[in-house]
J.: 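Have a look at this one before I ask anything.
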Amino acid sequence: MHFYLEPGGKLSGSIRVPGDKSMSHRSIMLGSIAEGRTAVSGFLEGDDALATLAAFRAMGVGITDPDNGSLTIDGVGLRGLKAPADVMDVGNSGTSIRLMAGLLSGQAFDSIITGDNSLLRRPMARVITPLSQMGALISSREGCPPLEIRGGRPLTGFHYDLPVASAQVKSSVLLAGLYASGRTSVTEPAPTRDHTERMLTGFGYPVEVADGVISLEGGGRLIGTDIDIPADISSAAFFLVGASIAEGSDLVLEHVGINPTRDGVIRILRAMGADIETMNERLVGGEPVADLRVRSAPLRGIHIPVEEVPLAIDELPAVLIAAACAEGVTVLSGAEELRVKESDRIASMAEGLSQLGIYNTVQPDGIEVRGGEISGGVIATHHDHRIAMSFSMAALRASDRIKISDCSHVATSFPGFAALASGVGLQLEVADD
Ligand code: S3P
């Protein structure tokens, strides 16, 4: 499935992009091990979150089919999961496998998690190392999935000083910590998204955050609750960029999660000159939410502050499209983590930008992009949803047609992207050849 984009146009109107992917995964995981019923609204019905849902159903949890983002989970309690009959396949989803590795390390049964060709190449040593130190026994294929997790292993709480700024690793250790004796604590080299900590608290599980140390005691209880998941800022980011670069745009993105560990993209785009207004700020279920109004504005190249990198990690491909449309050079550094996402996002973006005539130079930990005239061309997504959607927005400033090959993975995080984007002005058609 390919995207064909006509050049030019502008974005206008008011839309709500689908629910937050990180929170959707966590709502299923924590709702499943809670006691009693959890009602979720705003759930992302994308392939990744649905893979987590299927895995917990396979472990005996009653979860209703999502209906317009609403579902209920009949939690089985911390010790109530059952051995799955089969290998659990979580497709493209790194969040599923890494967080589940922690949670499954504490179960009485053995389990195996696998995924698609992209997931089979992604590094898992980053979770296997700390979980093994807690007493888990996990085998992998040279540090990559499938993961075979041995059950019935007693886990012991410990302190882990994370070597990489990764919310997935932090969350994996904290989820194992629920099953460990004593206290489990982590420190991070830089703050990362804190949805696990916030949501555990929402389920009545005490999590302490003091002086940069996040800790919890094992063996407590989670109590079923209601969770209202806001729109995903990572999906909103494509539109923040699109409306910024396309002259005459005026677009409102409704009910977007603006958790301060996720909103780096807003600060980065504003530093580039973007006109983004935060309206109706409110707290929804312990998470800050706002409507974002974005109008086109001339952008300038900047050095992206390194401390913003973990706070905008999934939005950096879209930011590089903004950089291509900015006056001068944008420098991204300290972003080596981009090389181990759904694709090597530094390489994928560099290749695509070059295809469109945008001069760039690649470093091991980043890229420099010189703003210029975007031509037409053919873009390879490398099976990466965020590469496909980022380059879709480049068409708004292109001089000719853009074809984006192989966009089927867009459904992992943003089902309905093509229709929603067309509805606000992107001239996009989907075709199979
Ligand atoms: C996620 C954390 C990030 C992010 C991913 C979702 C999460 O990964 O890229 O899309 O839900 O915890 P890392 O923690 O590996 O940086």
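Each ligand, and each atom within it, is numbered from 1 in the order the structure gives.
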J.: Can you name the residues that form a salt bridge (Lys or Arg N to Asp or Glu O under 4.0 Å) with Glu337, not counting sequence neighbours?
T.: Arg126

J.: Can you measure from OG (Ser249) to CZ (Phe239) and round to the nearest 0.5 angstrom?
T.: 11.5 Å

J.: At a heavy-atom distance under 4.0 Å, which protein residues reach ligand 1? Sort them by chain and number, would you?
T.: Lys21, Ser22, Arg26, Thr95, Ser166, Ala167, Gln168, Arg193, Ile313, Asp314, Lys341

J.: The criterion is salt bridge (Lys or Arg N to Asp or Glu O under 4.0 Å); which residues satisfy it with Lys170, sequence neighbours excluded?
T.: Glu188, Glu197

J.: Which residue pairs satisfy the side chain to side chain donor-acceptor pair (under 3.5 Å) criterion with at least one member in residues 133-147, sequence neighbours excluded?
T.: none

J.: Quick one: does any side-chain atom of Arg370 pair with a main-chain N or O of Thr361 as donor and acceptor, under 3.5 Å?
T.: no

J.: Give a yes or no answer on whether the side chain of Thr72 reaches the backbone of Thr38 with a donor-acceptor pair at less than 3.5 Å.
T.: no

